[in-house]
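In what follows, a structure is listed as structure tokens, so that the remarks can point back to it.
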Amino acid sequence: MRLRQFLQGKAEQRPVLVCAPYALHSALVADFAPGHSLVEALHKGGIDRVYVSDWCSATPEMRNLSIDNYLAELNVAIDEVGAPVDLVGLCQGGWLSLIYAARFPGKVRRLVLAGAPVDVSTPSELSKMVSALPRPAFEQMVQQGDGVVSGEHMLRFWNIPFSQHDVEAALQRDLGDGSDEARILLDRFERWDRDTLDLPGTYYLEVTERVFRQNQIARGRFVALGRRIDLAEVRVPVFLLAGEDDIVVPRDQAFATARLLGTQAAWLERACEPCGHLGLFMGRKALSHSWRRIAHWLQADIGDVARARISA
């Protein structure tokens, strides 16, 4: 992992660490372009210290790295910036962040889970695709890559092409006006989509089997760094963000996490944006609305937030 640092002002606040997804595409999803940057939205919301986990593409020497290895890397990063942190998990970075918060409860102050798949008993297109394929199909992908799963191969395997309409939906803006800005954004998106990440075979098989096929996190059977994870032990304030049109992690799946946590109801926030999956992280409307709200929530006195909810 490369730990990316984004500072502004005096940067004396509690650090916010954005855990980007380690799946197919790079962490640029969190800082795509001006007006389409989650990092920028947090800065505008008054968060001065932002860090992003930029997961590296796997090499053959990394073939045996597991989920535990990536939890350990996240732990080193959090120790580096100074625990306790406010941890923001995006998509598959969400379940990794949640496991981390359960495994190291004293190191996370508040937790944001955006479009995060946790309880996959509430189905999605992603969980259905994984369940429909036998384990040998995933093992074959690992064997073909000599222990490393090719991101380019995964892109073809899952058949995820993006049209201009899809890019416009993700960025929540019209790109058909022929302007220089529109051409730059379309080109940048195409390069981001094409520049895929390779994954360690061991990590890939663990994710598909333990997280998606066996639903171990939600069922309380997931073991992380030698300890069984009980989500009821997560008692920190949590903010759940979902997309109304998200087919990767539907709203009901994203919000289903709430019933698994030990967080008291007054400390639990939910928001739903009228967008798809990528729009949660890149869409200019979602960034100016829910992410501005999240930035304020991260800085607010939780007692004040809870009292405001009750009075409303």
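Predicted, not measured: the structure shown is a model, and the values here were computed from it. Atoms considered below: every heavy atom in the structure, side chains included; atoms not considered: hydrogens, waters and symmetry mates.
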Which heavy atom of [X] sits nearest a heavy atom of [Y], and at what distance?
X      : Y      : result
Thr263 : Pro237 : CG2-CA, 4.2 Å
Leu24  : Met154 : CD1-CB, 3.8 Å
Ser57  : Met62  : O-SD, 4.0 Å
Leu278 : Ala170 : CB-CB, 3.8 Å
Gln92  : Ala23  : NE2-CB, 3.5 Å
Val149 : Gly201 : CG2-CA, 4.3 Å

*Going by the angle between their ring planes, with limits at 30° and 60°, are Trp192 and Phe162 parallel, tilted or perpendicular?*
tilted
With a 4.5 Å limit on heavy-atom distance, are the side chains of [X] and [Y] in contact?
X      : Y      : result
Pro105 : Glu233 : no
His296 : Trp291 : no
His289 : Arg293 : no
Arg135 : Leu205 : yes
Leu175 : Leu185 : yes
Leu287 : Phe281 : no
Phe222 : Ile67  : yes
Gln299 : Gln13  : yes

Calculate, to the nearest 0.5 Å, the distance between atoms [atom1] and [atom2] belonging to [X] and [Y] respectively.
X      : Y      : atom1 : atom2 : value
Leu90  : Leu38  : CG    : CG    : 6.0 Å
Leu241 : Leu280 : CG    : CG    : 5.0 Å
Cys19  : Leu96  : SG    : CG    : 4.5 Å
His153 : Met141 : NE2   : CE    : 4.5 Å
Trp95  : Leu231 : CH2   : CG    : 12.5 Å
Asn215 : Ser121 : CG    : OG    : 5.5 Å

*Between Leu98 and Leu111, does a side chain to side chain contact (heavy atoms under 4.5 Å, CB included) hold up when you go through it step by step?*
CA-CA 8 Å; Leu98 180 57; Leu111 181 64; 3.8 Å; yes
Any side-chain to backbone donor/acceptor pair from [X] onto [Y]? Under 3.5 Å, distance only.
X      : Y      : value
Arg103 : Ile229 : no
His25  : Thr196 : no
Glu73  : Asp68  : no
Asp166 : Ser163 : yes
Ser288 : Arg284 : yes
Ser124 : Pro250 : no

Any side-chain donor paired with an acceptor under 3.5 Å for [X] and [Y]?
X      : Y      : answer
Asn75  : Tyr100 : yes
Thr122 : Asp252 : no
Ser53  : Trp55  : yes
Thr59  : Glu61  : yes

*side chain to side chain contact (heavy atoms under 4.5 Å, CB included) between Lys107 and Val85, intermediate numbers included*: CA-CA 6 Å; Lys107 293 188 173 185; Val85 301; over 6 Å; no
Please check if the number of heavy atoms outside [X] that lie under 6.0 Å from its [atom1] is greater than 12.
X      : atom1 : result
Arg227 : CZ    : no
Arg2   : CZ    : no
Glu80  : CD    : no

*Is the distance between the ring centroids of Tyr70 and Tyr22 under 6.0 Å?*
yes
Looking at [options], which hits side chain to side chain contact (heavy atoms under 4.5 Å, CB included) with [X]?
X      : options               : answer
Arg110 : Val16, Leu298, Val236 : Leu298
Ile47  : Ile294, Leu42, Val88  : Leu42
Leu113 : Val249, Leu87, Thr257 : Thr257

Quick one: do [X] and [Y] make a salt bridge, cutoff under 4.0 Å?
X      : Y      : answer
Arg251 : Asp245 : no
Arg194 : Glu152 : no
Arg63  : Asp146 : yes
Asp187 : Arg191 : yes
Arg4   : Asp31  : no

*Give the intermediate values and the outcome of salt bridge (charged side-chain N to carboxylate O under 4.0 Å, His left out) for residues Asp86 and Arg109.*
CA-CA 5 Å; Asp86 292 337; Arg109 189 185 75 110; 2.9 Å; yes
*Please step through salt bridge (charged side-chain N to carboxylate O under 4.0 Å, His left out) for the pair Lys285 and Glu273, ending with a clear verdict.*
CA-CA 9 Å; Lys285 295 177 182 177; Glu273 283 289 330; over 6 Å; no
*Start with the C-alpha gap between Tyr203 and Asn69, add the side-chain angles, then the distance that decides, and say whether side chain to side chain contact (heavy atoms under 4.5 Å, CB included) holds.*
CA-CA 9 Å; Tyr203 169 87; Asn69 290 109; over 6 Å; no
_Among Arg188, Gln172, Arg173, exactly one meets side chain to side chain donor-acceptor pair (under 3.5 Å) together with His36. Which residue is that?_
Arg173
*Knowing that exactly one of Gln8, Arg14, His43 qualifies, which makes a side chain to side chain donor-acceptor pair (under 3.5 Å) with Asp48?*
Gln8
*Passes side chain to side chain contact (heavy atoms under 4.5 Å, CB included), Leu199 versus Val148? Steps please.*
CA-CA 6 Å; Leu199 303 180; Val148 173; over 6 Å; no
_Candidate pair Asp119 and Arg259, rule salt bridge (charged side-chain N to carboxylate O under 4.0 Å, His left out), full reasoning_ = CA-CA 10 Å; Asp119 185 359; Arg259 64 173 179 263; 2.9 Å; yes
